[in-house]
2 protein chains.
Amino acid sequence: MGVKDYGRGMRIGELAERAGTTTRTLRYYESRGLLQAGRAENGYRTYEESDLRLIQQIRTLQDFGFDLEETRPFVDCLRAGHPAGDACPASLAVYRRKLGELDALIGQLQSVRTEVGAQLARAELEASAELPGGPEPRCELNWEDDE
Amino acid sequence: MGVKDYGRGMRIGELAERAGTTTRTLRYYESRGLLQAGRAENGYRTYEESDLRLIQQIRTLQDFGFDLEETRPFVDCLRAGHPAGDACPASLAVYRRKLGELDALIGQLQSVRTEVGAQLARAELEASAELPGGPEPRCELNWEDDE
DNA sequence: CCTTGCCTTGACGTGGGCGTCAAGGATTAC
DNA sequence: GTAATCCTTGACGCCCACGTCAAGGCAAGG
């Protein structure tokens, strides 16, 4: 049989596949201290079902744009036995901080959007104002003494 | 005199200072083909006043979140003799593409913001619902057979 | 002459989240 | 027996816009 015993003592490849990620990613998480694996006699990492939830939590937050460090409280919370990663105050704090960052970022992007939009409009105006009958800019080298 | 002749044939340090950037950055721009410098007899790079405008254009766009490649049309436009970097169609195209990217990004961030906000609200509710008199989650290892 | 301060090229470091070999051991299928 | 597939650790690559250090050349002041 190719697969031994789902539900207990998965190996890294199985867990990665079930989580929709890669073994490299799981080892990376482990190197960051987010994931802890047991070891089989032969040195292979072993995982429990609960680890699948950890990974799903991490990836959900990653999809939201959280960086790995920010997922740590959620992971710790799950490992502490809470049914949800955001059941702990530290996780809520991360949520709130993230909301603030998002609001700030969105605001900045909106102002940039406005600014770029204005630049575009102005440039289009100037372009259309020069075409009709004005003297087309020669594009020569004679404007360096312009100022 | 420490400074030779402002206005003609600046050296890289002077240009960097006047542009509010570093010599490293200017050499980097040159390596990317965005900036071209003349050379003095001793091998030093020499710049004209017009180069200052190029750099200002680049940095303005960078501040908007344009990456270096996206500034190229503007730079080319300025070097072609146009008084503004966005006087060329290629620059306008970059503006428009950027607007689209900004709109998409802002939209994504807003939906993430909504989602995170909802998660926070839900988690806060559940937290407040458990405190009053409910059984505090034991945080033991007995929930792994939950599913 | 010597110091100071500018300039030159070259090359490695940064950060984040992995991808992608490389070299080898373990297990399984045939 | 052996090929295929898993696993292990280690280490370099990537992207981008530079920062930073190294080793040395050139110019000017005292």
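We use all heavy atoms of the structure for the numbers below, so side chains are in, but hydrogens, waters and symmetry mates are not. Throughout, protein chains are lettered first and strands after them, A, B, ... in sequence-line order, and every chain is numbered starting at 1.
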Under 3.5 Å donor-acceptor pair, A/Arg24 side-chain atoms to C/dT20 base atoms: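 Such a pair exists between side chain and base.
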Note, B/Arg45 side chain near B/Met10 side chain (heavy atom, < 4.5 Å):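 No, too far: nothing below the 4.5 Å cut-off.
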Can you tell me which nucleotide in [options] comes closest to the side chain of [X]?
X       : options                : value
A/Tyr28 : D/dC7, C/dG17, C/dT8   : C/dG17
A/Gln62 : D/dC18, D/dG19, C/dC18 : C/dC18
B/Arg59 : D/dC7, D/dG19, D/dC18  : D/dC18
B/Tyr29 : C/dT8, D/dC18, C/dG19  : D/dC18
A/Arg11 : C/dT9, D/dC6, D/dA11   : D/dC6
A/Arg27 : D/dG19, D/dT8, C/dC18  : D/dT8

Check the distance between [N]'s [atom2] and [X]'s [atom1] and give it to me in whole angstrom.
X       : N      : atom1 : atom2 : answer
A/Glu69 : C/dG15 : CD    : P     : 13 Å
B/Leu26 : C/dT8  : CG    : P     : 10 Å
A/Glu70 : C/dG16 : CD    : C1'   : 12 Å
A/Glu14 : D/dT5  : CD    : P     : 16 Å
B/Glu30 : C/dT8  : CD    : P     : 8 Å
A/Met10 : D/dC6  : CE    : P     : 16 Å
B/Glu41 : D/dC26 : CD    : C1'   : 12 Å
A/Phe66 : C/dG17 : CZ    : C1'   : 17 Å

Given DNA chain D, 5'-ward residue of the pair B/Tyr44 and B/Ile58, judged by closest heavy atom: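 Between the two, 5'-proximity favours B/Ile58.
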Short side-chain N/O contact from B/Thr25 to OP1 or OP2 of D/dG19, under 4.0 Å: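 Answer is yes, contact under 4.0 Å.
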N/O (side chain, A/Thr22) to phosphate O (OP1/OP2, C/dC18) under 4.0 Å: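 No, because none of the side-chain N or O atoms of A/Thr22 sits under 4.0 Å from OP1 or OP2 of C/dC18.
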Sugar-phosphate, base or nothing in reach of A/Arg45, heavy atoms under 4.0 Å: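 Touches sugar-phosphate only.
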Residues B/Leu68, B/Tyr28; criterion side-chain contact (heavy atoms from CB on, under 4.5 Å); working and verdict: CA-CA 10 Å; B/Leu68 269 189; B/Tyr28 178 65; 3.2 Å; yes
Polar side chain donor-acceptor pair, B/Gln119 to B/Arg122, under 3.5 angstrom: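 Yes, B/Arg122 and B/Gln119 have a side-chain donor paired with an acceptor closer than 3.5 Å.
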Side chains of B/Gln62 and B/Arg59, donor plus acceptor under 3.5 Å: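 Per modelled atom types, B/Gln62 and B/Arg59 side chains form no pair under 3.5 Å.
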Given DNA chain C, 5'-ward residue of the pair A/Thr21 and A/Asn42, judged by closest heavy atom: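 Here A/Thr21 is the residue nearer the 5' end.
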A/Glu70 side-chain N/O to A/Asp67 backbone N/O, donor-acceptor pair under 3.5 Å: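 The answer is yes, because a donor-acceptor pair under 3.5 Å joins these two groups.
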